[in-house]
Amino acid sequence: MPNEEDPRVTRVGSPRANEDDLRVIGVPRRRVDARAKVTGQTRFADDIFLPRMAFCKLLRSPHPHARIRRIDTSRAVAHPGVYLVLTGKDVPIQYGILPVSQDEQALCVDHVRHVGDPVAAVIAREELTAFEALDLIDVDYEILTTISDPKEALATPEPRIHEYGEQGNIHKLVALEFGNVEEGFAEADEIFEDTFFFQGNTHLPIEQHASVAIKDQDGKLTIWSSTQTPHYLHRALAKVLEMPAAHIRVIATPNGGGFGGKSDPFNHEIVVAKAALILDRPVKICLTREEVFYCHRGRHPILMKFKTGVKKDGAITGMHLQTLIDGGAYGSYGVASTFYAGALQTTTYHVPRYRYQGCRTFTNKPPCGPKRGHGTPQPRFGQEVQLDKIAERLKIDPANLRLHIVESPNAVTANFFRLGTVNLSECIRRVVEASRWKDKFRKLSEGRGVGLACSAYLTGAGLPIYWNKMPHSGVQLKFDRSGGVSIFCGATEIGQGSDDVLAGIVAEVLGINPFDIRLFTGDTDLGPVDLGSYSSRVTLMAGNAALQAAERGKAIIAEGVAEKLEVPKERLSFADKRVFDSVAPEKGIPFEEAVCIAEARFGTIGTVGSYTPPKSPALYKGGGVGPSPTYSYSAAVVEVEVNPVTGWVTVPRIWIAHDIGRALNPTLARGQVEGSVYMGLGEALMEEQEFRRLPRKLSHALVHKFPSILEYKSPTSLDMPEVITELIEEPDPQGPFGAKEAGQGPLLPIMPAVANAVYDAVGVRIDEIPITPEKIMKALAEKKAGREPRFGPSHFPHINWPEALRVPPPWEGGDGNAVNDVPRRTRTVSKKEKVLTS
Amino acid sequence: MMRLPLFEFRAPRTLEEAASILDGERANAMPLAGGTDLLPNMKRRQQVPRMLMSLRHIESMNCVALNDSGSRLGACLTLSEIAADRRFRNGLTALAQAASLVATPQIRNMATLGGNICLDTRCNYYDQSYEWRKSINFCLKKDGTTCWVAPGSSKCMAVSSTDTGPALMALGARVRLVSRSEEREVLLADLYNNDGIDYIKRRPDEILAEVSLDSLHGWKSTYWKLRRRGSFDFPVLSVAAAVRLRLLAVR
C-alpha cells in the first residue's frame, strides 16, 4: 500500500475544485441508519438479551452528605435469587473523565456526596429480585452538613465534599486577563454592569443509560453501553478493573440521545463489568429515569456578572466576566466547564481586553458536566442580553450594533483562539430580513415582541481529554471485491448522524452510494480510536479522517484502473458507481471491477486516515479549553407573545441562520439546528434541575424536586414553534468538504433571544433562565410600582480570586504565554496535578 | 427499569362477580381499569395491592346510553372514546374537552372515565419512587408522619388532578357505586372529601360502575385547563362551566 505520508499530517478541506461535481455531499438524503430507526430495529443497549443474563440494581444513598460507617450485606446475599452483592471495597479505584479530577468511585467506599450516590450493587436472577434485595442491605450512615448551593459552599469550608480542590469546597478557581481591562474601561464612553443567573437543567435523552457486560470465552471483557465516549470508558475500565486495556472491548450501542449526558465513564458501567467478570455470566443494568437524573452531568447553574465598557458606537473596549458555578458533587468535566464559561466571549464580537474569573464549587447534588453547549450557553445568555441593554442605551438597533462589532474571519482573539470562516454578519442579515425585524422591533403591539441574539461554538475541542500526541480520530476502510466498502471508526452514533457523515464522505470520494457502505462504528476492538461524540467534533475530525482514508483508497484504485484503461490517473473520475475517463466518460468500468483490478495489482486493499487538529496559539495555562479547528456561528430572531395578565409566554416563530461551512447532508443539518432550537426553547422557558431542601429543623434532606419526565417540564411537539432555518454555506478550509458543526451552536442564541423578545413585548428584563410566568409577573409588578422593571439576581458574592495570569493579546505583542507564569512549553507538571493524575 | 411488585390478577366478567371478589378481598384488592395511574403508582410502591381486579371485561361498564331523558356512561369508557365520539357534544362538550386534554394520546387510549374520576390525589412529595420518599423519610400520605407541604398540618395536602371531575360536576353528574350488598348513586360533587388521604367516599368494596347525567338539552358547557405545556400535563388550574340560556322574546 503506497503510504509515504506522515500519518499525523492530515490533509483537510475540500478536495474538489468544482463543487458542482458533488453527487452525495450537499444533497438532502435519507440517513443511512434511518430504516433501522423508524422500523424499531436499531438495537439499543437495553435491547440486548443474552442467555443466563443477570440484572443489576444499585442501592443509592438517601442522604445528601454522609460518612458510611458500616455496610452489612448479609441479608441481601442470603435472599433467594441474588447472585452477588458488591460494595465500594470491591471496586475502590478512583476514576473520572478528566485526569485532574479522578474523584469518583463506582460504589462509594466511605463518603456519599448526594442523594443517589451508589453505595452497593445487587446482581440477581431477576430485576425485581435485585430491587427487593436492595432493602435488605443495612448501611450505617453518619450524617454530615448538607451543602446545597455555591453560596453555602463558599461559607462552609468544612466538612469538605472532596479532599482535593482549591480550598474548602471550592473545586476550581480560574483567573485570566488578556490585556489591561481597567484601561479598557477607562477608554469607554459607557460601562455596563449586569448580573445574571442561569438555572441548571438536564439532557433528558429519551433512552435511559443501559449497559450489558460479559466475560468472553477467552476471559476478556466486552461491554455494550449507551456511551458517547467508548474510548474514555475503555480507559476508565482498564484503570478501575486493573485489567489490560487490550482485554477490554467497549461497544457503544446507538444512543437514544446523548447531548453530553453519556460522556463520562459511569459507575453503573464499571459495576456491571466487575460483576460479569466475577459471575462469568452476562450482567445488565438499565437505569430508571430517576437514576438518569442522578447521573446528570447537565448544565451547571451559573451566577455571573458582566462588566462591559463600550464606545458610543457600540465598540467594546473591555469586558470583565465573573462566574460562580454550582458543580454538584463531583468533578466530571467541571474544570473544563469552568474554563469554557469564560472562553467564547471573544469569538463573536471583537473584545480587545478581557478578564475572566471563574469559581466552581462542590455541592451535595448530582454532578454537573457537559450539556449541549458545555459551559458556554450561560455566559452567552448574559452577554447577549447585556448587548441588548447596551443597544437600547446607545440608541442603536441591536442587529446593527452586532453587525458593527462582529469579529473578523481568521482573527486570533484576545485569548488566542484562531478563528476560521466567520459568517456571523451574514447570519444576522438573513434573520433580520426573513423575520422582517425592522418592521417589528419596538413596533409590535403591547404583549408582542421580537428579540435577537447570536453565538459561536467550537467545531471540535482542539485538545483531547488526556494529554497525548496521537490523532483525535482514525478511520480504516476495507475494499471488497464486490464493490462494497466497509468503514471502521470509533465514532459514536448518538442520533446526530455521525454514521451518515462517514458514509456520505466516503461515498462522495469513491463515487458510490452511501447505502453500499457498511459501517462498524463505536467499537474499540474493530475501529481505530475516535475520541467520542462530544464538543461537536465528529463531523470535522472523523470526517477528515474518513476523507483521507477514502482519498488514499481512491488513489490505489485509480493507479490500477489507469493502467488498465490506458488513461492518465489524474483524468479518472469516480461517480455513479463507475470509474471513468473524465474526458471521455463512456470509457470506464464499474466500481467493483475497479476494486478487483486494483486488488489484483496491489493485493488486499485497505486504507487508513486520521486527523489531528492544528496546534493552538493559546499557550497559557488554561488555553487548552476553547481552541478549535474552526467555529460555527448562529443568529436567531425569536418572536414572542406575552400575556400581561398571566405572564404566559408563547413563541409562534423562530428564525435562525447557521454558519455551517457546508451542510454535508442538509436534511440532517437542519434536524440538528431545529433540535437545538427545541432544546434551547425548553431551557429558556421551563426546564429546571431544581432541588428541594426541607425545613432544616426537621430534616437534612436535599432531593431532586421532580426526577421524572412528567414533572421536569420540557416542551412537547405541541409547544414547538414554526422554525425558519437558513444554512449559510461558505466552505471552511479546516472542515471535510468545508463542513463546520451544527449540533450545539444553534442552541445558544435561543435563550437570550427569548429574553430580549420578552423585553420588547412587555418592557421587563428577565435576567434569569428559565423565564417563567411567575418571574414575568414579578417583574411586571416592579414595573407597575415604578421600580426597576426586572427580575434577576442583584448581587455577586465576594470571592478571593487568585492573581490573574496576564496574557497580552496578539495586538499588544503577546505570544500566547502569560507574562507572570513560566512559559508553557517549558513548564513542568505541577505537584498538585501529578498527585491527581497518578 | 422500574418493576411492578408481584400481584394476583383477576378479570371478572360481570359486575356481580367483581363486587363479590372485592367483598372478599376488601383493602387487599384494587380495581384496575386503564392502569395509567395505578400501575406507575405501584412501580413507585405508592400502592401495593395484593390483588388487581380488572374491570375491562365487564360489558356493562363499557356501554353508553344516550336518550332524551339523560345519559348513562360506563366507567370503563376510555378517554379517547369520549373525546372522539360526536355524541359527547352540545351539552356534554365540557366532558369531551376535559377527556381530550388528559395526558397524551397513548394514555387516553388506555385511561378510563372511572379511573380519571377516582384518580389518586397527587403531591410532589408523594408521587415519587420508594427510594426518593425514603430520602425525605416519607410523608403523611404514605409510610411517614409529616406532611412536607405544610409540616404543621395534621391533614394531607395532596390534591386531585382529575380533568373529567370538574367537567362532570358542572354538568351535575351522579355516579353509581356498586358493592355486593348495596347499590347507591351519589352526586359527583359529593363524592370527594377535602383530605389528601381520605379523598373519596368510594369504599374499598365498591365499584364506580357508571356515570349518569340528566338531559342536557339546551345546555352549553366548556372546560378550560391551565397547564405548563401543551400536552402531557396535569392541570395547574381547571375551570368547567355549564349554562342553559333561556331566550327571552324580543319585541
Side-chain angles (χ1 to χ4, degrees), chain A residues 46 55 57-64 114-116 126-132 134-135 208 210 285-291 293-294 646 648 650 682 685-686 690 692-695 697-720 772-773, chain B residues 1-7 36-37 40-46 48 100-107 122-140 143-153 161 224-237:
Chain A
D46 190 40
F55 294 86
K57 291 294 281 183
L58 298 173
L59 177 70
R60 295 174 181 273
S61 168
H63 303 296
H114 66 92
V115 170
E126 268 127 27
E127 197 172 21
L128 179 61
T129 310
F131 171 76
E132 287 169 347
L134 294 180
D135 238 13
Q208 296 112 300
I285 191 165
C286 179
L287 300 189
T288 65
R289 177 58 54 181
E290 180 177 349
E291 290 177 297
F293 279 94
Y294 298 148
T646 62
W648 216 264
T650 47
L685 296 174
M686 53 178 80
E690 268 194 296
R692 203 182 272 289
R693 187 91 197 247
L694 297 180
K697 278 183 209 154
L698 301 176
S699 172
H700 58 273
L702 178 65
V703 286
H704 193 293
K705 216 166 171 181
F706 20 60
S708 76
I709 277 195
L710 172 63
E711 293 297 341
Y712 174 93
K713 302 298 181 202
S714 71
T716 70
S717 54
L718 292 181
D719 304 293
M720 187 66 181
T772 59
Chain B
M1 62 161 72
M2 297 179 91
R3 293 281 174 193
L4 283 169
L6 296 178
F7 55 85
T36 56
D37 187 47
N41 286 2
M42 286 171 68
K43 288 183 178 178
R44 293 188 291 256
R45 305 302 189 265
Q46 289 163 259
V48 277
S100 73
L101 291 172
V102 173
T104 64
Q106 292 86 342
I107 289 173
R122 298 182 55 79
C123 172
N124 277 330
Y125 294 96
Y126 168 66
D127 287 288
Q128 302 281 0
S129 72
Y130 173 74
E131 295 92 333
W132 191 98
R133 288 181 287 123
K134 200 160 72 175
S135 55
I136 59 161
N137 202 19
F138 303 99
C139 79
L140 192 56
D143 302 332
T145 54
T146 308
C147 172
W148 293 110
V149 175
S153 168
S161 297
W224 285 52
K225 172 179 183 175
L226 178 70
R227 53 181 165 182
R228 197 66 187 84
R229 57 185 169 191
S231 174
F232 192 15
D233 221 349
F234 285 104
V236 176
L237 178 76

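In what follows, chains carry the letters A, B, and so on, assigned in the order in which the sequence lines appear, proteins first and then strands, with residues in each chain numbered from 1.
Using a 4.5 Å heavy-atom cutoff, the side chains of B/Pro5 and A/Glu132 are not in contact. Under the 4.5 Å side-chain criterion, counting only non-hydrogen atoms from C-beta, A/Leu718 is not in contact with B/Phe232. Under the 4.5 Å side-chain criterion, counting only non-hydrogen atoms from C-beta, A/Phe706 is not in contact with B/Asp127. Put simply, the side chain of A/Thr288 does not reach to within 4.5 Å of the side chain of B/Arg3, judged on heavy atoms.
Residue A/Phe293 does not touch chain B at all, counting heavy-atom pairs closer than 4.5 Å. With a threshold of 4.5 angstrom between heavy atoms, B/Arg44 does not approach chain A through any atom at all. Contacts between A/Leu685 and chain B at a heavy-atom distance below 4.5 Å involve the backbone alone (N, CA, C, O). In this structure, chain A has no heavy atom under 4.5 Å from any part of B/Arg133. Looking at B/Leu6, the atoms closer than 4.5 Å to chain A (heavy atoms on both sides) sit in the backbone and in the side chain alike. Within the 4.5 angstrom heavy-atom criterion, only side-chain atoms of A/Leu694, from C-beta onward, approach chain B. Only the side chain of A/Glu290 comes within contact range of chain B, judged by heavy atoms closer than 4.5 Å. Proximity to chain B involves both the backbone and the side chain of A/Ser714, based on heavy atoms less than 4.5 angstrom apart.
The OG1 atom of A/Thr646 sits 8.0 Å away from the CG atom of B/Leu226 when rounded to the nearest 0.5 Å. Rounded to the nearest 0.5 angstrom, A/Met720 CE and B/Arg229 CZ are separated by 15.0 Å. Once rounded to the nearest 0.5 Å, the distance linking CG of B/Asn137 with OG of A/Ser699 reads 7.5 Å. With rounding to the nearest 0.5 Å, the separation of OG1 in B/Thr104 from CG in A/Leu710 is 10.0 Å. Separation of atoms CE (B/Met1) and CD (A/Gln208) is listed at 8.0 Å; rounding is to 0.5 Å.
Minimum heavy-atom separation, B/Pro151 to A/Leu698: CB-CD1, 3.8 Å. Across A/Val703 and B/Ser135, no two heavy atoms sit closer than the pair CG1-OG, 3.3 Å. B/Arg228 approaches A/Pro773 most closely through the heavy-atom pair NH2-CD, 3.7 Å.
Taking chain B as the reference chain and counting heavy-atom pairs below 4.5 Å, the highest number among A/Thr772, A/Val115, A/Asp135, A/Leu59 is found for A/Asp135. Between chain B and the options A/Gly116, A/Ala701, A/Pro707, A/Cys286, heavy-atom pairs under 4.5 Å are most frequent for A/Pro707.
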Side chain to side chain contact (heavy atoms under 4.5 Å, CB included), that's the test. Do A/Arg692 and B/Tyr125 meet it? Break it down for me.
CA-CA 10 Å; A/Arg692 203 182 272 289; B/Tyr125 294 96; 2.8 Å; yes
Passes side chain to side chain contact (heavy atoms under 4.5 Å, CB included), B/Arg227 versus A/Lys713? Steps please.
CA-CA 11 Å; B/Arg227 53 181 165 182; A/Lys713 302 298 181 202; over 6 Å; no
Test side chain to side chain contact (heavy atoms under 4.5 Å, CB included) on B/Glu131 and A/Phe131 and set out the steps.
CA-CA 10 Å; B/Glu131 295 92 333; A/Phe131 171 76; 3.2 Å; yes
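A cation-pi contact, defined as under 6.0 Å to the ring centre and within 45° of the axis, is absent between A/Arg60 and B/Trp132.
The closest donor-acceptor contact from the side chain of A/Asp719 to the backbone of B/Gly230 lies under 3.5 Å. Of the possible polar contacts, one joining the B/Gln128 side chain to the A/Lys705 backbone as a donor-acceptor pair under 3.5 Å is found.
Around the CH2 atom of A/Trp648, the shell of radius 6.0 Å holds more than 12 heavy atoms that belong to other residues, nucleotides or ligands.
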